[in-house]
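Throughout, a chain's letter reflects where its sequence line sits, starting with A, and its residues are numbered from 1. Everything numeric in this text was worked out from a predicted model, so none of it was measured.
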Number of protein chains: 2
Amino acid sequence: MDKLPTIKEIAIRLNVSVSTVSRALSNHPRIGLGTKERVQQLAKELGYEPNTQAIFFKQKKTHVIGVIIPYIREDFFSQAISGIESAAIEHEYTILFGQSYDELEREIKAVAAMKKQRVDGLIISLSKETNKYNHLEALKKYDIPVVYFDRVPTMTDSHKVFCNLYKGTIELVGWLFNNGYRNIAFINGPDKLRASKERLKGYIDGISKHQLKVDMQLVETTDLSKEGTEMAMKKLLNLKKLPQAIITFNDYVHMDATQYAAKNNIAVNKHIIFVSFANLPITSYTAFPPLASIEQHPYRQGEKAMDILMTILKNKDAQESDPDIYYTEELAPSLVAYKQPAMHGL
Amino acid sequence: MDKLPTIKEIAIRLNVSVSTVSRALSNHPRIGLGTKERVQQLAKELGYEPNTQAIFFKQKKTHVIGVIIPYIREDFFSQAISGIESAAIEHEYTILFGQSYDELEREIKAVAAMKKQRVDGLIISLSKETNKYNHLEALKKYDIPVVYFDRVPTMTDSHKVFCNLYKGTIELVGWLFNNGYRNIAFINGPDKLRASKERLKGYIDGISKHQLKVDMQLVETTDLSKEGTEMAMKKLLNLKKLPQAIITFNDYVHMDATQYAAKNNIAVNKHIIFVSFANLPITSYTAFPPLASIEQHPYRQGEKAMDILMTILKNKDAQESDPDIYYTEELAPSLVAYKQPAMHGL
DNA sequence: ACGTTGTGCGCAAACGGTTGCGCACAATGC
DNA sequence: GCATTGTGCGCAACCGTTTGCGCACAACGT
């Protein structure tokens, strides 16, 4: 409870000025050797530790970066934040944490909180609802750079890291094709999501690439709820010609879809095979794991986002900031095949 | 890039002193109505927002609390942090995030980082390795209160929130007994873990309570790795008399155990039924969900921990802090039964 | 002996606010 | 008419640290 030792304390005890103490501690050349030693000695004895709050305040820096994600419970985001943290530690930064729960309103509040705390930078994965960016533009006034990851905005004047799901989907279709599947269905996410648009484009181009006909009856969407997915599955299972394979939007949809299929007496991964996105570790324990999945490298996305942010901050310090440079890092997704599917339907 | 408006700015423009501006903005009674209005008007026009860093610095507060957990990827902890966050928002606090990855060394570094940032308080769930508390004791010097949750220390002079797993285990045994099971095995976690000790005590007392004989052959331990769990299962499946039910340390062990059992031609949840701890949402998608699970209320533990921390901080502000009061909140676990098991072996 | 250069250190401002105290003036009471 | 009380505002210190500048003194060259 007694006051922490300050530079002033040391100054008084040693009968020197605070500036001398400050310089002695930072090894300034103009300070005599003897004085330096006495200061450093006493500092050690007193267990002096500089008040970083005061320093940061003076430097107008906090050494804190904000991270806002939709849901920490989603494995994808907890991996991403781990990647961010690991990069942050290397640069001696710490992380201020906030969730948007996919709600714009919460996102705005979280951004405001970060602004209040004067974070040095912000890394964010946008909420599903985010359709305007005033709250994020506002950070420019405070000179707080923003790096987006995974759920990135459409505007080009922003720094971002993401996984190219267009290519990923093409790869997934290709893998199915190469394993002999032709009648490939797709349960996509909500239309307005960038992630959905990319996947759809990839699906269409992937199908076309192999000289197959794109049949929009094979494409359903889900709002990502269990019910939405079941409705989509119902339609697919009611088609005259049952699909041979189903691509799902992500592993959560996958799990709902396969569960529904199983309930409806489909031999999952035999009768119809399922492939997905996300590569959740947990799927290996599920009753019906996807036979292939597109890994989106959340950890690496997080690391990259932090690296970019650090570059921006360093440049800013060096007054070399060119406000017209925008960093974009596009990661290649990778297809993870869990098993070769038993050939079927050929 | 141009400077943010400060109180000084406003003072100069209005030709009043900074103190007047400061008071006008905080509605001090001694400031004339006219002046107040002019100040507030100009502040609005300029988009003035107080520099919280400066205020916090002066007040020696940060309005930030640190949270350190072992793994954010574990659903339990991501739920807990969500609970902490929700309570934090209510009190206008933000969260500085850190993981220990169950390593003491990392925990120490994370604590040091929090200390550096001068968090107002710390909420922590200890790493498995943590056997000494110097790094946490050190926070006392900085007057940073610590609240532990779930993985709490043994010492009594600490604030803590946890779920009584002793009672939970007794309940689990009782549920099995009531459903007709007698030959109940138990795969526990590492002996040194408090969580393991509690469960073991609960198991023994639960068994005894129903006039059954405690047979230590039915108790195995795992280091929580897949291999460790498989070894434990192997021993249990090799007993002359196969257990009728198996209690596992948590849902992760459960999944490894049931997977192993299935591979060895055990009809999981028929031949032997499985119950567990943790109540992961994901288990409902798994091939072999536990028939009952002990919910440990991570979200509520997080909320509670934050509430306690807030009480401590409030009292400290009011100078009413009695350093000898230690808050302990013991949550009752709840048993969640997924299905009534088909009666068996009677 | 005098200017030059180097060495060791202190003064004071600055970062952006808050706050105790005091001062000047007006209104009030008696 | 004089003391009292209230009103409106400014001065200056303070939080803990950094840093430009200047001062005093010594060592040096010539």
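- The side-chain tip of B/R118 does not point at the ring of A/F56 from less than 6.0 angstrom away and within 45° of straight on.
- In 5' to 3' order, the nucleotides of DNA chain C bounding all contacts with chain A (an atom under 4.0 Å from a heavy atom) are C/dT7 to C/dG16.
- The stretch residues 33-40 of chain B has no heavy atom under 4.0 Å from DNA chain C, so no residue of it qualifies as close.
- We find that B/D317 and B/K61 are joined by a salt bridge, their nearest charged nitrogen and carboxylate oxygen being less than 4.0 Å apart.
- Relative ring orientation between B/H63 and B/Y93 is described as parallel, the plane-to-plane angle staying below 30° on a 0-90° scale split at 30° and 60°.
- Partners of B/E103 under the salt bridge (charged side-chain N to carboxylate O under 4.0 Å, His left out) rule, at least two apart in sequence or in another chain, are B/R106.
- Residues A/Q53 and B/Q53 meet the side-chain proximity criterion, which asks for heavy atoms closer than 4.5 Å.
- Of the residues in residues 53-64 of chain B, B/A54, B/I55, B/K58 come within less than 4.0 Å of DNA chain C through at least one heavy atom, sorted by number.
- The bend of the helix from C/dA1-D/dT30 to C/dC30-D/dG1, defined by the angle between the axes of its first five and last five pairs, stands at 60° to the nearest 10°.
- Using bins of under 30°, 30° to 60° and over 60° for the plane-to-plane angle, the ring pair B/Y71/B/Y101 lands in the perpendicular bin.
- Listed in residue order, the members of residues 16-31 of chain B having a heavy atom less than 4.0 Å from DNA chain C are B/S19, B/S22, B/R23.
- Between B/K140 and B/E137, at least one side-chain N (NZ, or NE/NH1/NH2) sits under 4.0 Å from a carboxylate O, which counts as a salt bridge.
- Using a 4.0 Å cut-off between charged side-chain N and carboxylate O, B/K60 and B/D143 make no salt bridge.
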